[in-house]
Amino acid sequence: MLKILYKIYFWLVAVPLYAIATALTATTVIVGRMFGGEKFFSYYPGMVWSRLATVLTLCPVKVTGREHITKGQSYVFVSNHQSAFDIFLIYGHLGVPIKWMMKKGLEKIPLVGLACKKAGFIFVDNSSAKAAQKSVLEAKEKIKNSGGSSLIVFPEGGRTKDGHLQAFKRGAYLIAMEMQLPIVPITLNGTYKVMKMNSFNIMPHRLEMFIHEALAPPPDMGKEHLQALADTTRETIFASLWKEFQ
């Protein structure tokens with residue numbers, strides 16, 4: 001009975017309000033960026049929008065480890081990717097300005113794609129090694145000129161199909177090495193329960209984000225050592241996953 005009542009609430013109340021909020025947020029970012037203020041408009045409207053998404057879906061949020069983040073310091077945050085709902089949990093509750101590395105196909109979403117572009121997010125083109133390298137260079141430039149923003153990357157490269165952690169790629173760690181930025185692993189729990197891959201069957205569930213201690217900027221190292229670093233942060237993230245996903 002509760003599931004039926006929630007579905008009625010979700011489609012008749014939450015979805016319409018969320019659609020309006022999405023349009024207003026995207027428009028605010030696009031118009032705001034016409035007058036400058038990238039640091040403000042690339043973060044605060046999206047942060048409020050993301051928090052609203054967790055409220056409307058009735059998902060309580062618990063964040064642990066914010067003391068590991070120093071205000072004004074840029075980081076490379078690396079997180080597991082359980083669900084599309086990860087965006088709302090991180091963007092809404094991390095507490096610092098961030099730039100997203102996103103799949104290039106998302107650029108085509110009406111209004112939202114333009115807003116993301118105006119906000120200075122990086123669309124990753126994996127069609128070739130040259131295109132991927134160009135995306136990395138763009139990310140470095142955006143962070144360099146962002147005035148203290150951080151980069152958030154899902155090093156798995158895509159959402160998990162079953163909630164379990166996949167292998168990590170080196171891209172985020174290469175950026176951290178070349179820009180000498182600390183790396184902060186993040187473990188997300190609960191988002192897979194809310195929204196599974198390729199499903200719009202949203203169900204409320206408690207959400208947790210665990211922000212781990214920052215790692216020092218990696219020294220100049222080869223690809224093999226970078227992969228070892230990626231594997232190490234993967235183990236850190238894995239250790240804080242709920243047991244059913246380990």
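The shortest side-chain heavy-atom distance between V48 and R51 does not fall under the 4.5 Å cut-off. Taking the side chain as every heavy atom from C-beta outward, H212 and F210 approach each other to under 4.5 Å. Residues K104 and V124 have side chains not in contact (no heavy-atom distance under 4.5 Å, counting atoms from C-beta outward). With contacts defined as side-chain heavy-atom distances shorter than 4.5 Å, the pair Y44/P97 does not qualify. Residues M209 and T64 form no side-chain contact, since every pair of their non-hydrogen atoms from C-beta on lies 4.5 Å or further apart. By the 4.5 Å heavy-atom criterion applied to side chains, Y6 and P204 are counted as neighbours. Between P218 and I183, the closest side-chain pair of non-hydrogen atoms falls below 4.5 Å. Contact annotation: the side chain of T232 never approaches that of Y173 to less than 4.5 Å [non-hydrogen atoms, C-beta and beyond].
Within the 3.5 Å criterion, the main-chain N or O of K196 finds no donor-acceptor partner in the side chain of R159. Using modelled atom types, one side-chain atom of K99 and one backbone atom of A119 make a donor-acceptor pair closer than 3.5 Å. Remark: side-chain polar atoms of R33 are not paired, donor with acceptor, to backbone N or O of S42 under 3.5 angstrom. A donor-acceptor contact shorter than 3.5 Å links the side chain of N189 to the backbone of S240.
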Practice problem: Kindly indicate, with the supporting measurements, whether the criterion side-chain contact (heavy atoms from CB on, under 4.5 Å) is fulfilled by M203 and K3. | Solution: CA-CA 8 Å; M203 291 302 298; K3 287 185 177 180; 3.7 Å; yes

Quiz item: Stepwise, does the side-chain contact (heavy atoms from CB on, under 4.5 Å) test hold for Q82 with L241?
Solution: CA-CA 11 Å; Q82 287 196 334; L241 284 173; 4.0 Å; yes

Quiz prompt | Derivation of the side-chain contact (heavy atoms from CB on, under 4.5 Å) call for F154 and N80 | solution = CA-CA 6 Å; F154 296 119; N80 60 313; over 6 Å; no

Exercise. Could you walk me through whether K193 and E244 pass the salt bridge (Lys or Arg N to Asp or Glu O under 4.0 Å) test, one step at a time?
Key: CA-CA 11 Å; K193 297 284 190 178; E244 63 186 292; 2.9 Å; yes

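With 3.5 Å as the limit, one finds a donor-acceptor pair spanning the side chains of Q227 and D231. Judged purely by distance below 3.5 Å, without hydrogens or angles, the side chains of T160 and H81 never pair a donor atom with an acceptor atom. Side-chain contact check for T57 and Y18: no donor-acceptor pair (N or O, by modelled atom type) lies under 3.5 Å.
E208 CD to H93 NE2: the interatomic distance, rounded to the nearest 0.5 Å, is 13.0 Å. Of the inter-residue distances, the one linking L58 atom CG with I202 atom CD1 reads 11.5 Å to the nearest 0.5 angstrom. Taking CG from L207 and CG from D86, the interatomic distance works out to 9.0 Å, rounded to the nearest 0.5 Å. The distance from atom SG of C116 to atom CE of M102, rounded to the nearest 0.5 Å, is 3.5 Å. Taking CD1 from I87 and CE from M195, the interatomic distance works out to 9.0 Å, rounded to the nearest 0.5 Å. The structure places CD1 of I237 at 5.5 Å from OG1 of T187, a figure rounded to the nearest 0.5 Å.
Among all heavy-atom pairs drawn from H164 and E156, the shortest one is O-OE2, 4.1 Å. Nearest heavy atoms, C59 versus V194: SG-CG2, 3.8 Å. A pairwise comparison of heavy atoms in Y75 and A214 identifies CE2-CB, 4.1 Å as the closest pair. Minimum heavy-atom separation, P185 to E213: CD-O, 3.7 Å. Between K103 and G157, the shortest heavy-atom contact is CE-O, 3.7 Å. In plain terms, the two heavy atoms of S74 and L181 that are nearest each other are O-CD2, 3.7 Å.
Cluster partners of Y192 are W242, F245, counting Ile, Leu, Val, Met, Phe, Trp and Tyr whose side-chain heavy atoms approach within less than 4.5 Å, directly or via other members.
Linking Ile, Leu, Val, Met, Phe, Trp and Tyr residues whenever their side-chain heavy atoms come within less than 4.5 Å leaves F123 and L137 in two separate clusters. No path of Ile, Leu, Val, Met, Phe, Trp and Tyr side chains, each step under 4.5 Å between heavy atoms, connects V29 with I122, placing them in separate hydrophobic clusters. L52 and V13 fall within a single hydrophobic cluster, where Ile, Leu, Val, Met, Phe, Trp and Tyr side chains are chained together by heavy-atom contacts under 4.5 Å. Note on V31: it clusters hydrophobically with L114, by side-chain heavy-atom contacts below 4.5 Å among ILVMFWY residues. At a threshold of 4.5 Å between side-chain heavy atoms, the hydrophobic network of Ile, Leu, Val, Met, Phe, Trp and Tyr places L106 and L111 in two separate groups.
F238 meets the ring pair (Phe, Tyr, Trp, His ring centres under 6.0 Å) test with no other residue; sequence neighbours excluded.
Each of V153, I90, L151 was evaluated against W100; a single residue qualifies, I90, per the side chain to side chain contact (heavy atoms under 4.5 Å, CB included) test.
Crowding of L5 atom CG: a count of heavy atoms from other residues, nucleotides or ligands under 6.0 Å exceeding 12. The environment of I4 atom CD1 is sparse: at most 12 non-hydrogen atoms of other residues, nucleotides or ligands sit within 6.0 angstrom.
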